[in-house]
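Step one of this worksheet: look at the structure below.
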Amino acid sequence: MVIKVDLKDLETLALAKKIPIMQKEGLSFMIDRLNESQASSLLEIGSAVGYSALMMASNVEGLKIDSIELDASRYAEACQHVEAYQKADQIALHLGDALTYPLEKLAYAPYDCLFIDAAKAQYQRFFERYIDLVKPEGFVIVDNLDFHGMVNDIEHIHNRNTRALVRKIKRFKDWILHHEAYDSIYYPVGDGIVMIRKKEQHEVNDKY
Ligand SMILES: C[S@@+](CC[C@H](N)C(=O)[O-])C[C@H]1O[C@@H](n2cnc3c(N)ncnc32)[C@H](O)[C@@H]1O
């Protein structure tokens, strides 16, 4: 685990305001993968107040990040933090719905990594919208696929809305883990991470 720059103040601030941010264990797993692969570009879906983008930009040398956030006040806060930590040269923040955001406004495509950390019910739609912007040798990270252990214990969830959400997360997890065009590995790290890579095109075609 190689977190050299730990933005403790920002983490504390986000947690105090009950803003959902990526767990440290998952974040450090991701930073390690980005450093190992010498990633230079990343698209994040779900900036919140900029914590994970700032952690990645501070711990992966030269990484350029596009990050999309739906909520205007969180976006404004993320902009302030990116300025305060002097990372505007590495992080481009975008205000909008990632399901419809104009692709031509993104600064750093194509990407070495796509990181999906927004509305959990929409994971598959985010994935399908942005996978073509990932370089052939790049990878995708999706967080929260355990959803606090609930994904493996759906029958015991009493709240109907929560149960419906958890079913959607499980559906995405099953879909991607069995998709013939992708190699996906589940890691029980943080809140459950899946790392996805495109299979070589000929491997998929060989099956026919
Ligand atoms: C879990 S938080 C992101 C945390 C952040 N990645 C971190 O670890 O610091 C998810 C964020 O996704 C945003 N979001 C939800 N739906 C979205 C959408 N359709 N497009 C862009 N952002 C969205 C939410 O407003 C929320 O701030």
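Keep in mind that this is a model prediction, so the values were computed, not measured. Hydrogens, waters and symmetry mates play no part in the numbers below; they use all other heavy atoms, side chains included. Remember, it's 1-based here, ligands and their atoms both numbered in the order they're listed.
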Per-atom filter on ligand 1: closer than 4.0 angstrom to a heavy atom of G96 are 20 (N), 21 (C)
Heavy-atom distance to atom 19 (N) of ligand 1: which of N144, L7, D97 wins?
D97
Nearest non-hydrogen protein atom, atom 20 (N) of ligand 1
A98 N, 2.9 Å
Give the single entry among I116, L27, L70 that approaches atom 21 (C) of ligand 1 most closely by any heavy atom.
L70
Which residue and non-hydrogen atom of the protein lie closest to atom 15 (C) of ligand 1, and at what distance in Å?
A119 N, 3.6 Å
Ligand-side contact atoms (ligand 1) for residue partner Y51, heavy atom cut-off under 4.0 Å:
9 (O)
With heavy atoms under 4.0 Å as the rule, classify the contact between S47 and ligand 1 as side chain, backbone, both or neither.
backbone
Contact atoms of ligand 1, heavy-atom distance to M22 under 4.0 Å
7 (C), 8 (O)
Can you name the atoms of ligand 1, numbered from 1 with element, that are less than 4.0 Å from a heavy atom of I68?
21 (C), 22 (N)
Students often mix this up, so state it plainly: with edges at 30° and 60°, are the rings of F29 and Y187 parallel, tilted or perpendicular?
tilted
Should the pair W175 and F172 be assigned to parallel (<30°), tilted (30 to 60°) or perpendicular (>60°) ring geometry?
tilted
Which residue and heavy atom of the protein sit nearest atom 7 (C) of ligand 1, plus the separation:
S52 OG, 3.0 Å
For atom 14 (N) of ligand 1, what's the nearest protein heavy atom and its distance?
A118 CB, 3.7 Å
Are more than 12 heavy atoms from other residues, nucleotides or ligands located less than 6.0 Å from atom CD of Q86?
no
Positive for side chain to side chain donor-acceptor pair (under 3.5 Å) with D174, one of H178, K170, R171:
K170
One thing to verify: whether D132 and K198 come together as a salt bridge, which I'm taking to mean a side-chain N less than 4.0 angstrom from a carboxylate O.
no
Should the pair R74-E77 be classified as a salt bridge under the 4.0 Å nitrogen-to-oxygen rule?
no
Taking every heavy atom of I19 against every heavy atom of V49, the minimum-distance pair comes out as CD1-CG1, 3.6 Å
Compute the shortest N/O to N/O distance between P20 and ligand 1 and return yes if it is under 3.5 Å, no if not.
no
Starting at OG of S40, measure out to OH of Y108 and round the result to the nearest 0.5 Å.
11.0 Å
Residue selection (non-hydrogen contact nearest atom 25 (O) of ligand 1) among R74, E69, Q23
E69
Q124 side, atom CD; I176 side, atom CD1 - distance, nearest 0.5 Å
8.0 Å
About how many Å separate CZ of R197 and OG of S37, when rounded to the nearest 0.5 Å?
7.0 Å
Enumerate the atoms of ligand 1 whose separation from the nearest heavy atom of F126 is less than 4.0 angstrom.
18 (C), 19 (N)
Numbered in order shown, the ligand 1 atoms found under 4.0 Å of a heavy atom of E44 are 6 (N)
If we set the cut-off at 4.0 Å for heavy atoms, which region of Q122 has an atom near ligand 1: side chain, backbone, both, or neither?
neither
Atom pair CZ (F126) and CD1 (I45), whose distance is rounded to the nearest 0.5 Å:
6.5 Å
Closest to atom 10 (C) of ligand 1 (heavy atoms only, candidates L99, D191, D117) is D117
